[in-house]
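Take a look at the structure below.
Any value given below was found using the heavy atoms of this structure, including those in side chains, with hydrogens, waters and symmetry copies removed.
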Amino acid sequence: MTYPEPDINQRIWQIVALIPRGKVATYGDVAAQAGMPGAARRVGRALKHLPRDTRIPWHRVVNAQGRISLAEGSAGQYTQRERLEAEGIAFQPNGRINLREFRAFSAAG
DNA sequence: ACCCTGACTTATT
DNA sequence: CAATAAGCCAGGG
């Protein structure tokens, strides 16, 4: 069976591992930090590839709107929110995270 | 090769 | 703020 570029996934996971506790990064941020600006979707795919028992803090990756991209009501969505709140990340009433406050990598790098 | 789909993003209406 | 459109990269039928 064909294998989806393992090196790329490794690089993406490495960047995600750099997001400090209590902070988040957008898919676009991770892609840019990994040296592939514009490849936000690629990041999502890499995360989906993660083994269940990984220690990579995948939950610290949210979309550009400061929202969780996993399906509403899904187990993953619930887990992600629980973990983020446990790290002290606050969700606004509209379900969004204030990126100005919790973003790990600034747009300027 | 063609087309649809997705843990995405930005701009426009 | 919601709906559209267009750009983006790659997997799978």
Side-chain angles (χ1 to χ4, degrees):
Chain A
M1 85 189 245
T2 60
Y3 201 79
E5 303 147 43
D7 298 338
I8 304 298
N9 286 346
Q10 292 287 339
R11 181 183 319 201
I12 291 174
W13 295 340
Q14 190 174 339
I15 297 301
V16 175
L18 295 180
I19 305 172
R21 194 173 190 287
K23 291 284 185 177
V24 299
T26 68
Y27 293 89
D29 288 342
V30 175
Q33 289 289 319
M36 32 185 141
R41 307 190 81 130
R42 187 70 187 71
V43 173
R45 248 169 272 128
L47 295 187
K48 194 168 190 177
H49 249 293
L50 282 170
R52 300 170 60 80
D53 60 1
T54 183
R55 69 177 184 77
I56 299 292
W58 56 269
H59 57 278
R60 296 183 190 145
V61 183
V62 298
N63 64 33
Q65 299 174 10
R67 291 173 174 285
I68 289 175
S69 282
L70 294 176
E72 196 76 22
S74 67
Q77 187 266 354
Y78 184 79
T79 299
Q80 183 168 9
R81 174 157 182 161
E82 286 295 300
R83 290 192 184 181
L84 290 177
E85 292 184 324
E87 295 186 356
I89 291 175
F91 280 79
Q92 298 169 1
N94 57 14
R96 305 200 329 172
I97 293 171
N98 184 337
L99 293 180
R100 290 276 196 174
E101 182 180 0
F102 297 106
R103 201 173 203 167
F105 312 115
S106 67

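- One atom, CG of A:Asn63, and another, P of B:dT10, lie 10 Å apart when rounded to the nearest Å.
- Hydrophobic clustering, with ILVMFWY side chains joined whenever heavy atoms are under 4.5 angstrom apart, keeps A:Val61 apart from A:Tyr78.
- For A:Ala40, whose side chain is taken as the heavy atoms from C-beta onward, the closest listed nucleotide among B:dA7, B:dT9, C:dA10 is B:dT9.
- The distance between atom CD1 of A:Ile68 and atom C1' of B:dC8, rounded to the nearest whole Å, is 15 Å.
- Across the P atoms, C:dA6 and B:dA7 are found 22 Å apart, a figure rounded to whole Å.
- Evaluation of atom-type donor-acceptor distances gives a pair under 3.5 Å for the side chain of A:Arg41 against the base of B:dC8.
- We find the CD1-CZ distance between A:Ile89 and A:Arg21 to be 9.0 Å, quoted to the nearest 0.5 Å.
- Mapping A:Leu70 and A:Gln65 onto DNA chain B via the closest heavy atom, the residue that lands nearer the 5' end is A:Leu70.
- Between A:Lys48 atom NZ and C:dG11 atom C1' there is a gap of 10 Å when expressed in whole angstrom units.
- Rounded to whole angstrom, the span from the CZ atom of A:Arg67 across to the P atom of B:dA7 amounts to 17 Å.
- With hydrogens and angles left out, the side-chain atoms of A:Glu87 and A:His59 include a donor and acceptor closer than 3.5 Å.
- Note: OH (A:Tyr27) to C1' (B:dC8) measures 8 Å, nearest angstrom.
- Remark: A:Arg96 fails to qualify as a cation-pi partner of A:Phe91 under the 6.0 Å distance and 45° angle criteria applied to the six-membered ring.
- Atom pair A:Met36:CE and B:dC8:P shows a separation of 16 Å (rounding to whole Å applied).
- C:dG11 atom P lies 8 Å from atom NE2 of A:His49, rounded to whole Å.
- Here the nucleotide nearest the side chain of A:Asn94, chosen from C:dA10, B:dA7, C:dC1, is C:dC1.
- As rounded to whole Å, 20 Å separates atom P of B:dA7 from atom CG of A:Asp29.
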